[in-house]
Structures are given as structure tokens and as C-alpha cells.
Participant: 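One structure, pasted below without further comment.
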Protein chains: 2
Amino acid sequence: MSDPTIQRRLILERRPQGTVTNEDVVLHEALVDSPGDGQILIRNHFLSIDPAIRDWMSERPSYLPPIRIGDPVRSTVIGQVVESRVSRFRPGQLVVGIGGWEEYSVADAGQFSLVELKPGDEAQHYLSIYGAVGLTPYFGLLEVGKPKPGETVLVSAAAGAVGSLVGQIAKIKGCRAVGIAGSDEKCRWIVEDLGFDAAINYRTETDMVASIARACPQGVDVYFDNVGGQILDATLLNLNKDARVVFCGAISSYNSTEPVPGPYNFWQILARSATIEGYLVSDYLDQFPQGIAQMREWVGTGRLQFREQVIDGLENTLDAFNLLFEGRNEGKLMVRVAP
Amino acid sequence: MSDPTIQRRLILERRPQGTVTNEDVVLHEALVDSPGDGQILIRNHFLSIDPAIRDWMSERPSYLPPIRIGDPVRSTVIGQVVESRVSRFRPGQLVVGIGGWEEYSVADAGQFSLVELKPGDEAQHYLSIYGAVGLTPYFGLLEVGKPKPGETVLVSAAAGAVGSLVGQIAKIKGCRAVGIAGSDEKCRWIVEDLGFDAAINYRTETDMVASIARACPQGVDVYFDNVGGQILDATLLNLNKDARVVFCGAISSYNSTEPVPGPYNFWQILARSATIEGYLVSDYLDQFPQGIAQMREWVGTGRLQFREQVIDGLENTLDAFNLLFEGRNEGKLMVRVAP
């Protein structure tokens, strides 16, 4: 940019203990950097609000390095190229990739891909149904869970952005779909509106082992796990032989300050010849176009429903983020930082 | 049998807490039963002494039902058919299958298969190298671990009957083989005699995470886990992306009286896109003949070494069993109850 521009950014000032506060992540003003060789400058339109970001704020080893203290919080963003130092991107193009909780991101071009809107698409869909949120259940359920018609698929955080799609895709594939969610309203929504076969409200059930057994009378063949913890433990006692656990997330432990033990029923993995597979949608990057095409067809024919919750204003990002951990978001959470 | 015969049996009188004592498993005399329809009567020659038996003595759900109080302890046996009520077995034939810690077993014929000795074979080999002990590493490493040449295979209980074969098969397949064992003598044996690339004495190392990192400088691609517990926890921090954990056993927890938490580093399964698969050799039953043929070839050409430890006398069975949990056995443990 020829004229230096001032932007706002949310900087990680210290590693949070438990819930993230605005002493951990602080709003600052800064000059917008210029892109170096191989980099692009992006005006961010939407920031993606995801549980995994909590993990990147900590120091424990993960699939991405920890966010450095003093850097903006890392997140997926959608935005417009303002300036490009690589040939494959031009100013004005819409791109999606790994940026930050900030108004402008300078990033390596290799971390971004071009978004080509089709009729009916909106840019924000590439952070939700045509982004990780849609593709995570798509590849996770089909490529890792490998459900067969007639099998039972159980999913936790079932009214969430990912979980609600897991159940719907399971139904499309001829499975029994059972969801675990945190309110009667959410349970009603996934059964009555989304077509799940059964739902369990984990906040009101006292014996999750028995509740899962009732909702899954033929046992669980595929468990799509977004939460870990006690629900995973209860599920392990309901697995069928040769069951597959898609280990997609463990939101129940992300805010913990002590080492969290694995499931007490870990032994059941052996007793039932089950498989637990850690799953990252980014491993399927080269199959994204095919996945997006399939999702677009299902959305277009009304077979898949999804919800987005858009919160306006960079300054509200941290509040939006904490909604996730309270289970109070309704659909894929995003922050709009520019129109 | 026309004349009633008296035999000795080791009966499970109560469920053990921790280490199994001779108040839990008691030597009794009893009349030998006659086989019913579809059953055979076997004179047991060798009893197999395996860690999994400890699990069957408890009440927790497993891949076989708990042994009933008042029944003989269940175990794999090799013996000679004395009386048969099915057409496919005849008196005098050598058979292997699920019997008990007793001199004679009456069992459903479906639980037994015929042993056909080839030149150089001994009957007891069908409880060791040509039985579960040899076939567990064979199918577990090759079908579940799926090691590729140049990868690093780590195995716990590496001087044990199963573990020592895991490392040797890994070497045959062109991998780096690293073993974890409980004494310097065991470590020397697996490196100098069996050809492992490195060994770790877990009793003298204080920081297992660092020890594994040193012995596996390229990280761990396949972990063949026989023990669980802290060694599994330390290994999880050394896994490469897309690593495979063959969950074959968890001897570290079999004698525990409290619920045992899963690994504290359970999260690493996701962080490294790893897979943990519970593995039972019995799932590969229909491929046993092919596995035995391959093992026989490797043994015949000197590429595989194995050790057997035979203890004489049914009355010594419980002492033999407890050797396993003290790590004091040397090779596959068996009890000879008849010549």
C-alpha cells in the first residue's frame, strides 16, 4: 500500500489459563505491513471462530506451532487481496487461508487459496459449509469413519456446525444418526429439523452409558468425537466390535489448566478391536474441490441444512470465541470485520 | 472314558484384587467329565501362560466373557484328543484351542483346531511361534502397523515373547527397530542377538520422553504397545504424523484395582493424526495358515529367533503366571502338565 494505514489487531499477550480473557488477548492498533516476496496483503472480511484456536494459544505440541506471544491470534480468514508479491494472486481477488484476528493480514501466499463464487454462494460460505466446517464432517465421516448403510453413527456437539452436518451426512448414507447436545432445544432441532434418529441432552442425563445404550440399541459403529472427556468415556462402553472413533476435537479439555487423563475406558479400544484416529481436515486438502462440489449439490437439493452466526466487529471477537466454550453459539461462528 | 478318572484343576474361586494369589485360584481334584454332543475331551500337554488371562479373571467387559467363579481358569492349551463327539476329531490327534488350567479339558470342538506337525516342529511351538505368540506380532505389525521400509518401529515388552518377534519382523521388513525392556541384560539380548537397532531400559531411564527421542531420532512411525501406562504416554509425544499405534495389550494396568485413566497425552492422537487400533490376533484366524507358513520359513532360514520357557507341573502354574507381571519370564511361558 502506498499510504501507511492503521489497523486494529487482537494480539496474544500471554498464554491463557482456562477461559481466555481480554488480558490474554488485547486489541492494539498498528501500521499495516507490506507483503514481502511470496506474500500477499489481505483485507479481511470474515474471521473464523473455531475451538482449535484455543489450543494454538497454549504451548502444548499440536498440529500447528503455538501462536507466538506478541503475534495476532491465528485464524482462518476470508478476504480480498490488496497487494500481491506472487503471480498467482491479483488485487481484488477473494481468498481464504490462514490469517489472523486483525483487519489486514500479511501472509505467505502458500497458505491461501482462491475462492471462486458460484451462483448462490456467499463469501462467508467458504468459512462454513464450503470451508473446514463443511469439509471436516464430509471427509471425517466418510474417509475416516467409513460408515456402512444400517450402521449407527453417534456424534457429540451434534447441534454445532460440524456435528449437525455429520448427522445429516450419516442419514444421506443410510445410517442411524444419533446426536449428543447440551439443551432440549438443540436436541429437538437436530431430530425434528435435521432428521437425526435420536438425540441425548448430556446436561440432563445422569447416566450417559445407559443413555447412549438406549439411543443406540444396536451399539455404536462410528463415533465422531468433538468433545472428548466423559462423553467419550461413556461412548467407549457402547462401541461395537471394529468400531471407528473419529477423533476430531476435544473441546471439553481445551480450557483445562492441568494435564487431562485420557478416557478411563481406554481399555475398551482393545476389548472391542476399535480404532481411534486423529483426524485433521487439512490432510484432505487435495480433495477439497471434490468435497465442495458434493456439499454444494446436497445444499442445492435441500438435503443439507446449515446455520451460520455472524457477529459484527473485530472488537467483539473474543466474546464470540468464548460463546463456543459455553455452547451458546448457534451454527458456525464468524466475525465480520469488513462488509 | 469308561473308567472315571480323577484330575487336578485350578479353579477361579474369587476375583483377584491386584496380584493373583492362591486364595483366588485354588487347586482342586475332580472327576473328569465326559464330552457332550459336539464336544471333545482333551488330555492337556501344555498350558499357555498369557497376560490376557489376568483380564478374563476380572469382571470388566473384554473380548471374551469373564471366567465364571467356580470354573477352571481359561487358557489356550495343546493336548491330545481322548474322546470325541464330533466327526472331525479322532482320539489321538493333537489339537490346540481354548481349554483350561487343568489336566483334562472338555470343550466345544469349535474352539479347537488340529495341529499337523511338520518335520522340525514340536507340539509346544503351536503355543508359541506358530500360535498366538508368533501370529500376534506377525498380523499386528504387518496388517495393523503397516510399516514401510525405512520407518521406525518401537515396541514395548521387547524382550517378551511377542515383542522380540515384533522387532525381528520389523528388521526383515527394512525398518529401524527399537525395543523397550526392563533390564540391561534384556536390552543387550535384543540388540546383540536379535538385531534390534537400539534398546531402552525403562527401569533405569528417568525421562522416557527424551530416551525415546534419542533412540528414535526420526520419530516413531509404528508403536506396538504391549504395556500401556507411562510408556505409552511418553511414546505419544514422540509419534510422527500419521503414526500407527497397535494396541495389543496393557499389562501395566492388568493388576490395578482402581479405574486406570487413559494416557495423559491422549490429545497427541489428534495433534499427530495418529491412529490407535485395538488388535486381537483372533480376528485373523482365517489367515493363520498363511501366517504359520511365513513364520516357519523365517524360522527355518534362521531369520527369526524365539525363546520358550517351560515350567513343569500344573501345581506351579500360578507362580509361572505371576512371573509375567514381574517381567521375570524369558520367552514364551508354558506349563507342561503331561509329557
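From a predicted model like this one, the values you see are computed outputs, not experimental measurements. Letters A, B, ... mirror the listed sequences (proteins, then strands); counts begin at 1. Just the heavy atoms: all of them, side chains too, but no hydrogens, waters or symmetry mates, feed the values below.
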Participant: Picking from A/D283, A/L280, A/I276, which has the most non-hydrogen pairs under 4.5 angstrom with chain B?
Facilitator: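 Maximum pair count with chain B is reached by A/I276.
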
Participant: Between B/P261, B/A274, B/A271, who has the most heavy-atom pairs with chain A when the cutoff is under 4.5 Å?
Facilitator: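 Heavy-atom pairs under 4.5 Å are most numerous for B/P261.
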
Participant: Between A/E151 and A/R244, does any NZ, NE, NH1 or NH2 come within less than 4.0 Å of an OD or OE carboxylate oxygen?
Facilitator: yes

Participant: So which part of A/L236 gets closer than 4.5 Å to some heavy atom of chain B, the side chain, the backbone, both or neither?
Facilitator: neither

Participant: Of the listed residues (A/L270, A/D242, A/T275), which shares the most heavy-atom pairs with chain B below a 4.5 Å separation?
Facilitator: A/L270

Participant: Under 4.5 Å from any heavy atom of chain A, what part of B/L232 do you find: side chain, backbone, both or neither?
Facilitator: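 The answer is the side chain of B/L232.
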
Participant: Taking side chain as everything from C-beta outward and backbone as N, CA, C, O, which of these in B/A250 sits under 4.5 Å from a heavy atom of chain A? Side chain, backbone, both or neither.
Facilitator: both

Participant: Applying ring pair (Phe, Tyr, Trp, His ring centres under 6.0 Å) between B/F139 and each of B/Y279, B/Y284, B/F224, report the one that passes.
Facilitator: B/Y284

Participant: Count the heavy atoms belonging to other residues, nucleotides or ligands that lie under 6.0 Å from CD of A/E326, then report whether that count exceeds 12.
Facilitator: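 Atom CD in A/E326 is crowded, with more than 12 foreign heavy atoms closer than 6.0 Å.
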
Participant: If we define contacts as heavy-atom pairs under 4.5 Å, which of A/S273, A/G228, A/C248, A/G249 has the most with chain B?
Facilitator: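 Among A/S273, A/G228, A/C248, A/G249, the one with the most close pairs to chain B is A/S273.
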
Participant: Could you tell me which of A/L64, A/N265, A/D55 has the largest number of non-hydrogen atom pairs under 4.5 Å with chain B?
Facilitator: A/D55

Participant: If you measure from OG1 on B/T235 to CD1 on B/I212, what distance do you get to the nearest 0.5 Å?
Facilitator: 3.5 Å

Participant: Considering residues, nucleotides and ligands other than A/Q230, do more than 12 of their heavy atoms fall under 6.0 Å from its CD?
Facilitator: no

